[in-house]
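A short write-up of the structure that comes next.
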Amino acid sequence: MRKTIVAGNWKMNASKESVNSLINGILSGMSDVSSDVIVCAPFPYLSQVEALIINSDLMLGAQNLNVNSKGAFTGEVSAEMIKDFGAQHVLVGHSERRSLYGETSTIVAEKTKAAVDAGLTPILCVGESFEERESGNTEAVVEEQLNAVVGLLGIEAFNGIIVAYEPVWAIGTGLTATPEQAQSVHLFIRNLLAGSSESIAQNTPILYGGSMNAGNAADLISCSDIDGGLIGGAALKAEDFLQICKAG
Ligand code: PEP
C-alpha cells in the first residue's frame, strides 16, 4: 500500500515573513493530515524552514542541486549542503529547469544520481509539452525522460525515488489534466517501471503535478496510480495546501 505524498514547490516565491506565516499555518493544521507532506523551499530559506518544522511531521526539500559534491562551482548548491539543512528531498527535472535552464534528460539523470548518492530522495519530474501531447508523443517523451534515469542508476534506485508526472501544459496554467488523462500516464509510468521490476513499480510513489488545487485534488488522488500531488501555486496558501494534504 503506497502512502499519499503531497509536496509543495514554492518556486522562487518566499520572504522571511511569508515563510513564517506559511509554515506556521501548515503546522497548525497538520494534526488532521495523514499524508506525508514536504515543502520544497528556495535555498536561502532552508535554514528558516528547518528551524520552524523541528519536532513536526512536515518534511523539507530543495528545488535543485548541482551534480558535484563541492568545489569551484560558484553559485551552486550540492546535495550535501541541502542535507546539512535537514532536507530529505530535492526536486529534479522540473519542467522549468528543463526548459529555462537547458537541463537535458542526461543532466537530470546525473542530478538524480547525485541526490541518491548523498542520501536525498529525489522527486523526479517528467512530463510532456502541449505540442508533444497534441502530436501523440506523451508516452514517448515520458519514457525517454524516465529511461535516462533507469539507464544511469538502475531500477533498484527507484526504491528511493519519487516520480512526479507533470504535464507541462498544466503547470501554472489552471489547465489541470483530467483524472483520466493523468491516470493513464501514471499507469504507463508504472508499467514502464514494472518492465524492470514489478515490486519496485508497485512501491514507487507517482505524484501528479499541474494546477492541482483544493477543488480537484481529491478526484485526482483517488485514481489508483496517483499517489499524491506536487503543488505549485496552491502550495503558497496554507489553507489551500492543507486541503490538498487532507484530500489524500
Ligand atoms: C509545479 O510547479 O510543479 C506545479 C505543479 O505548479 P502549479 O501547481 O502551479 O501548476
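Numbers here simply count residues along the sequence, with the first being 1. Read the numbers this way: they start at 1 and go in the same order the structure lists the ligands and their atoms.
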Shell of residues surrounding ligand 1, defined by a 4.0 angstrom heavy-atom cut-off that is strict: Asn9, Lys11, His94, Glu166, Ala170, Ile171, Gly172, Gly209, Gly210, Ser211, Leu230, Ile231, Gly232, Gly233
same_hphob_cluster(Leu120, Tyr45) at 4.5 Å side-chain heavy-atom cutoff: yes
Residue from Ile155, Thr112, Val126 passing side-chain contact (heavy atoms from CB on, under 4.5 Å) with Val149: Thr112
Option from Cys125, Ser129, Ser105 for which side-chain contact (heavy atoms from CB on, under 4.5 Å) with Arg98 holds: Ser105
Sub-4.5 Å side-chain heavy-atom contact between Arg190 and Asp227: yes
Aromatic ring pairing Tyr208/His186, orientation class (parallel under 30°, perpendicular over 60°, tilted between): tilted
Within 6.0 Å of CZ in Phe130, more than 12 heavy atoms from elsewhere: no
